[in-house]
There are 2 protein chains.
Amino acid sequence: MPGAKLDPIDRKILAELQADGRMTNVELAKRVGISAPPCLRRVRTLEENGYIRGYHADVDARELGFEVQVFAMVGLVKQAEADLSAFEERCREWPLVRECHMLNGEVDFILKCAAPDLSTFQTFLTEQLTAAENVASVKTSLVIRCAKDEPGVPFEVLEARLSQEP
Amino acid sequence: MPGAKLDPIDRKILAELQADGRMTNVELAKRVGISAPPCLRRVRTLEENGYIRGYHADVDARELGFEVQVFAMVGLVKQAEADLSAFEERCREWPLVRECHMLNGEVDFILKCAAPDLSTFQTFLTEQLTAAENVASVKTSLVIRCAKDEPGVPFEVLEARLSQEP
DNA sequence: CGTGAAACCGTCGCCCC
DNA sequence: GGGGCGACGGTTTCACG
């Protein structure tokens with residue numbers, strides 16, 4: 001049962017840093033109810049054990065001139081592990097592809113892409129993605145608007161679960 | 001032309017904070033080539049003008065016990081603006097739904113969901129999402145694995161564009 | 001935008017439970 | 001094992017040139 005090695009203070013630290021990753025350590029310590037030194041030690045441990053992968057500013061893509069966001073559903077011709085890995089490696093090299101998830105079901109991968117405008121994306125779509133080796137089909141959907149974009153994990157759900165069956 | 005109001009130093013600040021949101025201000029100032037006080041003023045301005053929406057620790061969902069990630073494609077019965085807004089409001093209230101994007105094409109919305117296990121998700125799926133008013137169809141795809149998950153925007157693409165046609 | 005100064009914070013060693 | 005106290009050096013954040 002993962003996440004069980006964390007005590008309530010660790011989970012509170014993760015929840016607070018997920019909500020505000022630039023909080024000072026003393027502020028964080030105050031919120032979780034311990035003093036600064038042990039709080040910092042816990043944060044370092046959480047980082048080293050991979051619970052915290054990093055910290056990122058949440059930059060507004062549209063304000064920066066990335067008007068186009070697209071979800072692309074990709075089907076491959078062959079799905080042996082080597083084929084899957086090869087496609088994933090390609091995706092890591094394409095900067096327009098921000099996320100690449102392998103799925104079950106009829107489609108093999110879903111990609112989230114960001115581009116400055118439609119023509120940039122269509123060039124990428126026709127000359128790179130659809131043209132890539134082993135790609136059988138690509139279906140794209142433009143994002144009209146984004147109603148919710150919460151990073152990370154719903155800690156409320158985790159806490160409800162843990163308080164229910166300890 | 002959005003993003004044009006930013007000078008190269010502002011864009012460098014955004015790129016650096018996107019890569020490491022917990023960097024100290026003096027380190028950031030060193031990297032962008034100015035001293036600390038004007039660097040902090042620029043960061044504050046970028047925050048106030050909405051270029052930076054926030055800072056978040058990138059928490060490993062699976063290590064925390066969220067084993068299940070799902071993409072859900074949702075079609076509605078009616079798509080008048082009031083119907084669309086009502087569904088978006090529902091999504092904001094569901095903690096398991098982390099992202100909700102309205103799409104063009106045959107499907108109306110794509111949702112990214114996170115859940116501790118399959119049964120939690122299926123309960124949500126059958127009792128909440130599929131049962132919600134105005135929902136016509138829901139197709140779900142489990143995430144098998146994630147090959148890439150880069151937050152934010154490819155600044156390399158932006159810089160290449162700006163240096164090409166100033 | 002840079003300099004200087006004051007307040008604050010990150011961090012360490014040590015002691016305590 | 002983990003938490004608290006005190007102190008040092010670095011950082012944030014002013015006012016001012």
Side-chain angles (χ1 to χ4, degrees), chain A residues 1-60 63-64 151-152 155 158-159 161-163 166, chain B residues 3-60 63-65 151-152 155 158-159 162-163 166:
Chain A
M1 191 169 294
K5 285 160 291 188
L6 300 179
D7 65 14
I9 295 182
D10 286 325
R11 296 198 300 272
K12 191 103 199 292
I13 287 175
L14 291 174
E16 293 288 345
L17 286 179
Q18 179 175 283
D20 178 5
R22 236 178 134 70
M23 194 182 305
T24 66
N25 182 57
V26 298
E27 174 67 19
L28 179 62
K30 195 190 307 175
R31 293 198 187 200
V32 304
I34 59 180
S35 64
C39 184
L40 187 62
R41 288 195 289 260
R42 279 168 179 267
V43 171
R44 295 282 176 262
T45 304
L46 290 168
E47 290 169 354
E48 284 160 17
N49 294 348
Y51 289 96
I52 300 177
R53 275 192 294 244
Y55 304 87
H56 306 283
D58 181 10
V59 171
D60 190 311
E63 279 227 50
L64 247 168
F155 278 94
L158 185 67
E159 295 300 334
R161 242 178 111 67
L162 290 175
S163 66
Chain B
K5 285 159 292 186
L6 301 179
D7 67 11
I9 295 182
D10 285 326
R11 295 198 301 272
K12 190 105 199 296
I13 287 175
L14 291 174
E16 294 288 346
L17 285 179
Q18 179 176 280
D20 178 7
R22 240 180 131 70
M23 193 182 306
T24 66
N25 183 56
V26 298
E27 173 68 19
L28 179 62
K30 194 190 307 174
R31 294 198 185 199
V32 304
I34 59 180
S35 64
C39 185
L40 186 62
R41 287 194 288 262
R42 280 168 179 266
V43 172
R44 294 282 177 263
T45 305
L46 290 168
E47 290 168 355
E48 283 160 16
N49 293 349
Y51 289 96
I52 299 176
R53 276 193 293 245
Y55 304 87
H56 306 284
D58 180 10
V59 171
D60 190 311
E63 278 227 50
L64 247 167
F155 278 94
L158 186 67
E159 295 300 336
L162 290 175
S163 66

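Chain A is the first sequence line, chain B the second, and so forth, proteins listed ahead of strands; every chain is numbered from 1.
Atom CZ of A:Arg53 is separated from atom CG of B:Asp60 by 4.0 Å, given to the nearest 0.5 angstrom.
With B:Arg11 contributing its side chain and B:Leu6 its backbone, the two residues share a donor-acceptor pair below 3.5 Å. A side-chain donor-acceptor contact under 3.5 Å links B:Arg22 to the backbone of A:Met23. Listed for the B:Asn49 side chain is no donor-acceptor partner under 3.5 Å among the backbone atoms of B:Tyr51. A donor-acceptor distance shorter than 3.5 angstrom exists from the side chain of A:Asn25 to the backbone of A:Ala36, with no hydrogens or angles considered.
Against DNA chain C, the stretch residues 14-39 of chain A makes heavy-atom approaches under 4.0 Å through A:Thr24, A:Asn25, A:Val26, A:Pro37.
Counting to the nearest Å, the P atom of D:dT13 and the CZ atom of B:Arg41 are 12 Å from each other. One atom, CG of A:Leu40, and another, C1' of C:dC9, lie 11 Å apart when rounded to the nearest Å.
A salt bridge links B:Glu16 and B:Lys12; the closest N-O separation between the charged side-chain nitrogens and carboxylate oxygens is under 4.0 Å.
Across all their heavy atoms, A:Gly21 and A:Tyr55 have their closest contact at O-CD2, 3.8 Å.
B:Arg42 has a side-chain polar atom (N or O) that falls below the 4.0 Å cut-off from OP1 or OP2 of C:dC1.
Paired regions of DNA chain C, where each region holds three or more successive Watson-Crick or G-U pairs whose two hydrogen-bonding distances fall under 3.5 Å, are C:2-9 with D:9-16, C:11-17 with D:1-7.
With sequence neighbours excluded, the residues satisfying side chain to side chain donor-acceptor pair (under 3.5 Å) with A:Glu27 are A:Arg31.
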